[in-house]
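Notes for the one structure printed next.
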Amino acid sequence: MPDRVVDSYRDAVAGLRRGDAVMLGGFGAAGVPLGLIAAGLALGVRDLTVIANNAGFGGADLTSWIEAGMVSRVICSYPRTSPACVALWQQGRLAVEVLPQGTLVERMRCAGAGLGGAVSVGTVLAEGKESRVIDGREYVLELPLRADMALIRAHRADRFGNLTYRMTARNFAPMMATAAKLVAAECAELVEPGGIDPEHVVTPGIFVDRVVMQGSLAWRP
Amino acid sequence: MPDRVVDSYRDAVAGLRRGDAVMLGGFGAAGVPLGLIAAGLALGVRDLTVIANNAGFGGADLTSWIEAGMVSRVICSYPRTSPACVALWQQGRLAVEVLPQGTLVERMRCAGAGLGGAVSVGTVLAEGKESRVIDGREYVLELPLRADMALIRAHRADRFGNLTYRMTARNFAPMMATAAKLVAAECAELVEPGGIDPEHVVTPGIFVDRVVMQGSLAWRP
Amino acid sequence: MAPLTREQMAARVARALPHGAFVNLGIGMPSLVARHIAPAQDVTLHSENGLLLFGGPPPAGMADTDLVDAGKNPVTILPGGSYFDSSLSFSMMRGGHLDVAVLGGFEVSAGGDLSNWWTGAADDPQGVGGAMDLASGARQIWVLMEHRTRDGRPKIVERCAYPLTARGVVTRIFTDLAVIAVRREGLVVEEMVGGWIWTACRPGPGRA
Amino acid sequence: MAPLTREQMAARVARALPHGAFVNLGIGMPSLVARHIAPAQDVTLHSENGLLLFGGPPPAGMADTDLVDAGKNPVTILPGGSYFDSSLSFSMMRGGHLDVAVLGGFEVSAGGDLSNWWTGAADDPQGVGGAMDLASGARQIWVLMEHRTRDGRPKIVERCAYPLTARGVVTRIFTDLAVIAVRREGLVVEEMVGGWIWTACRPGPGRA
């Protein structure tokens, strides 16, 4: 059984490159992987496409990457909460693509599940996409949404990469973990294999490449 | 909070009608809802379409319905294990539609998730279905698979209908619970709401209509 | 009689919820409905960030940033509640498993079209969240909004001027002046606040 | 030298599995591979009925009908193992998360086509299970089968006569006589059992 634990946030985000697509877990403040985001900020990589539900709220979340000029494109359902995101977008310096939240997560699942797409309920935001009527209802073809890296926050992790989450911090993380080439999870508790009841695993270790314990502060420059 | 508990297997399957489509949980013997199947057998409803992974193995599982002449069509991934199914099919008295197991569960999920379909990996069994090439790979359009009733076996249930499962008895049940108009679950343990940690709920009560405790033998004729 | 207050409007919606219903309350005014639902109604609240069967805010100082509703407000989970991921949550919404979604509105048309997600102004960032998924997926869509804009124009209109959230989905409108059903044959006033007459609140033509 | 026994064939496959790989073993002969994998290989076994990281059968009398592999054989779960539903299990398979699937075969073609699910006879019931999902979704497909049919015809053929499971997916073939890689340029014999020569086991034309 492979050991997924890395010693530092820096190691957890190693390999993040200019132009990458990155998924960031979180809804509101719940589940935002602050340690991994800070490590990414220290890398200072540019031209990132970031896929997340919100564009951040200011401070140490995705907003910090946007303010640092690391992000060229945001794909999210609700950018309005991030003043930096809104300002840069209004200045034409940041592309923002808004998707219905259900479409956002469904497209991640398509990528993770090896589907070519989902035939999804037509919405106003899908106008221009290929559409068709099935059983009298209009649908559109939504394509998979993949990422080079997913950064997520778990609650308990074991060395194999099995994850559980805490309350509503779960949100997008389980789907993001299936949709990215490299998945790094920060966790509040790290246990040996067997420390999570196999019935309670939410994200099986097959989807997780790196686990870092919160408080592993070696990423600091 | 609605109370989903019914007093007997008979109550749990009440309303099953001629011509209905019924999903039955289980893979091998794991997760087969034997009590609910027996109650259905007592009803003796005919012309059922049954959707399940296997067509049974003989004895008290789906095979008992087939032997009783209740089933006109089976949609499954592996009918060969059921001698009754094979014999009736060879006599032209039972229609059998075989789907790849992954297609079977994906089509259930489409129904439960309100999708018009899934753009799924093309397989030999999908020949004749609408196909298309996306990113150089051939896919086919798979449509939702719904049922009038799903009969599943859970492990622990609460009165609200939250369910957990036991080991590999989980298999198709969580998806079937989303895809049927009426979902009845038999369980080995029944607890008050709160008796299942909200982090450990696998099937939330919103998907479950009836819960019956195993050993509720009032269904016997 | 004065128009209903926001709390009165919320209470009116709460009273209308069917017994045992699974309900999603949108952010803004719809979230006020929660505190007016009677326990005997057996209503179960859903929040799209992955939460079923929750209650109001926790006591002061007990808020947990990991336990919030879709409006990012701290809430409490009730016995029988559950957490799940966004995928399963949107299956509940898009798959028709919710009985009622109560949403805010910029405008509702006589045909049940809803605008509530974006002004359409080029410099106004879009922000859709789960609004379209809810509006397209819940069995009934109720809109809770003021009857008129701040400058007195009707928000129930012949045709929405703002970009649509979803077409022909609204089944009931709850305002500070009236409760209105959207039926195939048109708008039907179910209740009016005493002293107001329909001519004062009938649909306007919408913005130019 | 005699052809390899079934256990020897299974051991040969086990030895070839990459360190740390996630592997699904098909029913039949491929399931024999499990007992030959060395702990130091850090291989994780997946079973499509919703199980990751499991080991061999439990001690006599300890079998649990709720804990079985895809072949319905009782197994044991190892520390770090997990249970999940069929949907997530097939996401693992179809989404390219498995490194290797070891499958049985009726026939494999020189182009890597696989037939292993149905004879095609009108009175033979089809039984596909997860074979097509695995064959289409795992990163590498290895086939473990006898080199020849019982009546001596080659099972590695120019063109499969049995209905296909998937086209052009097989990357390696392990038989009782040889280990053969399926490459773009054709079949490449990587190993032969001593005393056998390739002309004795080259692909046949397939059934008429």
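Quick note on labels: first sequence line is chain A, next is B, and so on, each numbered from 1. Owing to the predicted nature of the structure, the values given are computational and were not obtained by experimental measurement.
At a 4.5 Å heavy-atom cutoff, the contact between B:R109 and chain D is made by side-chain atoms alone. Contacts between D:D69 and chain B at a heavy-atom distance below 4.5 Å involve the backbone alone (N, CA, C, O). Residue contact with chain D, scored on non-hydrogen atoms closer than 4.5 Å, involves the side chain of B:F57 exclusively. Interface remark: D:A131 contributes no atoms to any contact with chain B (heavy atom separation under 4.5 Å). Using a 4.5 Å cut-off between heavy atoms, D:S87 touches chain B through backbone and side chain atoms alike. With a 4.5 Å cut-off on non-hydrogen atoms, D:Y83 touches chain B through its backbone and its side chain both.
Salt bridge D:D85/B:R170: absent, no basic N to carboxylate O contact under 4.0 Å.
Residues of residues 177-187 of chain B never come within less than 4.5 angstrom of chain D, heavy atom to heavy atom. Listed in order of number, the residues of residues 75-94 of chain B that approach chain D to under 4.5 Å between heavy atoms are B:S77, B:Y78, B:P79, B:R80, B:V86, B:W89, B:Q90.
Judged by distance alone, the side chain of D:D133 and the main-chain N or O of B:G102 form a donor-acceptor pair under 3.5 Å. Between the side chain of B:T168 and the main chain of D:V68, a donor-acceptor pair closer than 3.5 Å is present.
Put simply, the side chain of D:R94 reaches to within 4.5 Å of the side chain of B:S120, judged on heavy atoms.
Chosen from B:T103, B:V98, B:L125, B:V121, the residue pairing most often with chain D at heavy-atom distances under 4.5 Å is B:L125.
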